[in-house]
**Student:** 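Sending over a structure as structure tokens; questions will come in a sec.
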Amino acid sequence: MNYILTLCLSGSVMGLMYFAIKHMASSRLSAEWQYRMIKGVIIFYLLPLPFLKKFYVAALNRIMRKEQPVQGILQIYQDKSLIVFQEGKLIFNESFKIQFHALLIWAVITTCVILWQSVRYLINRQRLSQYRQGIKVAADVKQIEQFREQYAIQRKIEYIGSSNKNSQNNAVFTTGFFRPTIFCFTEAGSWEKEMILRHEIIHIKRWDVLWRVLMFGVQIAHWYNPLVWLLSREFDKVCEMSCDERVLQGESNELKGRYGKLLIAMAMGEEKRKPYILGLSKSGEQLKERIDNVMRDGKRCFGKLVSACIVGAMVLLNSLTVFAYEDVQFANAEKDNERYLESVLKNDVEFIPGGEEEVQKYSKLVDFIKDEIIYESQFTDVEGNIYPVYENEAESYAVCEHNFVAGTYKEHEKHSDGSCVLILYYAERCAKCGIVQIGKEQSRINFQPCPH
Amino acid sequence: MKSEYQISDSELEVMKMLWQQKESIKQSQLFQLFENEGKEWKRQTLNTFLSRLEGKGLIKREKGMVSVVCDEEEYNFAQVKSAIDNLYGGKLSSFIAAFIKKEAVSKEDAEELNQYLKTLKKK
């Protein structure tokens, strides 16, 4: 479930950046680049990128020349997920179980909604195909073939259309992505029909229907996030605006004006404006924005390089949200160490990643550490003898001809929350005067709670 | 024309026969055509089908002559209209790319937008 929420965070941050950049750039960012940005938002909402976290951490460590952390010992808390391998079985802690159940509920609801909508779509598409033969296919099939060649589209495109004047309302849309079909029920003239078909061909070329379905997937997966619903409307708008830009690339103002009129004619319905609405309706405002984009001078927009840099920077910055991914921890348990296993599943514990050998070594070390702490600061020689170390013993006895014995210096610090930390140092102790020379830190272990 | 017609297979057979004719046909001639095809319908049966089709607004009967109200293409369009409505501007619009939203603006909005377009063209 953490992955789902992190995906939501990634996508939302990218979405907010999109709105911010769009607002700051005003009309200087073309609809085509806005559309690319929104596709990036969709990717961040749907594609988990936890592997990037490791890449960034490794890169940061290299840049900052940070030493590798002390080998082998990490601490996790009870609210982090943990999977323990024991004798070929997987055992989960409470945190993992809760997250897993939440994920299961989310997955079942999401799958049901997607399946239900998909089945409805397929049924309706089947009905359309069933009656295809009865609806005359217009001479526009030739036009579509020309467009296919012009835009180098490999996929076969079906066309179902009618210019029957009794056709109620205009309906022009494309559906399907591997086998796209253009449905065109309109009584538009030849130039208008050409523009309409070119528009639909560009949708097919750019796989816009697939992106639309992915956007729908985002809405289903992150239904609880209001930004997603806002982005869906933005996607629809920008998709059409960018398509208009491609259709009208290099065309004169006069043709752009004709295209604008076509948009208005195709959008017009039978209903009258509601009396309590002053000015354009919401749909009218959206259509006005589309007309503005059609009539806009393309030279006022940022060039390709600037636009690419803006989008690239946005993607790079947003990729840093991968640090929010929380890894599920794994541990191996000794088969007869039931006490350890119970502790691992129910408490905040330390564990080490790695194989059986590391676990065994560490288990012995932990037992050794737990059992052998007598003083807050102590020295343990290689034979296991323990000596207290007091602060005033730091003074050097000048007259002593020291006889140093190797061992380990341990410092035990208890914290107010009941935890403690045990720091081990390489050290030597003079067998004659007892002075301890402390060397490099060997390891540092946190215990929650303090077992000493 | 209705949004969708619910007709039986037999009624559809009658319609298809009528669509094949270029113009109005006598009811008796229609019966003869079905007989030639080997259909074992009685006159009363055909009459029942024609009455139902007339009730549904698909045919017209006048002085023994039968004519279709809508041609085959219109009929097929009516049958798929609900499917089109579901896809285009309906709740399945997530699966399509539409040229324009269905009935997006009122006539008043359209007039205002046309005026706005004229001002943009002048710039």
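Just so we're on the same page: letters track the sequence lines, and every chain starts at 1. Being a predicted model, the structure only gives us computed values, none of them experimental.
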**Student:** Indicate the atoms forming the closest heavy-atom contact of Ser106(B) with Met268(A), along with that distance.
**Tutor:**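 Heavy atoms only, the tightest pair is O-CG, 4.2 Å.
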**Student:** When heavy-atom pairs shorter than 4.5 Å are enumerated against chain B, which of Met215(A), Arg125(A), Gln219(A), Arg212(A) gives the highest number?
**Tutor:** Arg212(A)
**Student:** Counting heavy atoms not belonging to Trp191(A), are there more than 12 under 6.0 Å from its CH2?
**Tutor:**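 Yes - once you tally the heavy atoms of other residues, nucleotides and ligands closer than 6.0 Å, there are more than 12.
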**Student:** Which one wins on heavy-atom pair count under 4.5 Å against chain B: Val294(A), Asp236(A), Val213(A)?
**Tutor:**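 Option with the greatest count: Val213(A).
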**Student:** What closest approach, in Å, do Lys121(B) and Gly257(A) show between heavy atoms, and which atom pair accounts for it?
**Tutor:** CD-CA, 3.7 Å
**Student:** Less than 4.5 Å to any heavy atom of chain B: does that hold for the side chain of Ser232(A), its backbone, both, or neither?
**Tutor:**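 Contact with chain B is absent: no heavy atom of Ser232(A) under 4.5 Å.
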**Student:** Return the option, out of Asp244(A), Leu210(A), Val209(A), with the maximum number of heavy-atom pairs under 4.5 Å with chain B.
**Tutor:** Val209(A)
**Student:** Contact between Lys288(A) and Leu113(B) at the side-chain level, heavy atoms closer than 4.5 Å - yes or no?
**Tutor:**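 Side chain of Lys288(A) against side chain of Leu113(B), heavy atoms only: contact under 4.5 Å found.
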**Student:** Report the distance from atom CD1 of Ile264(A) to atom CG of Leu117(B), rounding to the nearest 0.5 Å.
**Tutor:** 5.0 Å
**Student:** Can Arg290(A) be said to sit on top of Phe99(B)'s aromatic six-ring, NZ or CZ under 6.0 Å from centre and within 45° of the ring axis?
**Tutor:**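 Because its charged atom sits under 6.0 Å from the ring centre and within 45° of the axis, Arg290(A) does stack over Phe99(B).
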**Student:** Considering residues at least two apart in sequence or located in another chain, which fulfil the side chain to side chain contact (heavy atoms under 4.5 Å, CB included) criterion with Ser252(A)?
**Tutor:**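 Listed in chain order: Glu254(A), Leu255(A).
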**Student:** For the pair Phe95(B) and Tyr121(A), name the ring-plane relationship: parallel under 30°, tilted 30 to 60°, perpendicular over 60°.
**Tutor:**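 Parallel, since the angle between the ring planes stays under 30°.
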**Student:** Could you pull out every donor-acceptor pair under 3.5 Å between side chains of residues 30-42 of chain B and any protein atom, sequence neighbours left out?
**Tutor:**
unit_1: Asn36(B); atom_1: ND2; unit_2: Gln32(B); atom_2: O; d: 3.4
unit_1: Lys39(B); atom_1: NZ; unit_2: Glu13(B); atom_2: OE1; d: 3.0
unit_1: Lys39(B); atom_1: NZ; unit_2: Glu13(B); atom_2: OE2; d: 3.4

**Student:** If you tally heavy-atom pairs under 4.5 Å against chain B, which of Asp292(A), Leu287(A), Ile123(A), Asp208(A) wins?
**Tutor:**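 Highest number of pairs under 4.5 Å: Asp292(A).
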**Student:** Heavy-atom distances under 4.5 Å only: say whether Gln126(A) touches chain B with side chain, backbone, both or neither.
**Tutor:**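 The answer is neither part of Gln126(A).
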**Student:** How long is the span from the CG atom in Leu120(B) to the CZ atom in Arg296(A), to the nearest 0.5 Å?
**Tutor:**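 Output value for this atom pair is 12.0 Å.
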**Student:** Roughly how far apart are Asn114(B) CG and Ile291(A) CD1, rounded to 0.5 Å?
**Tutor:** 7.5 Å
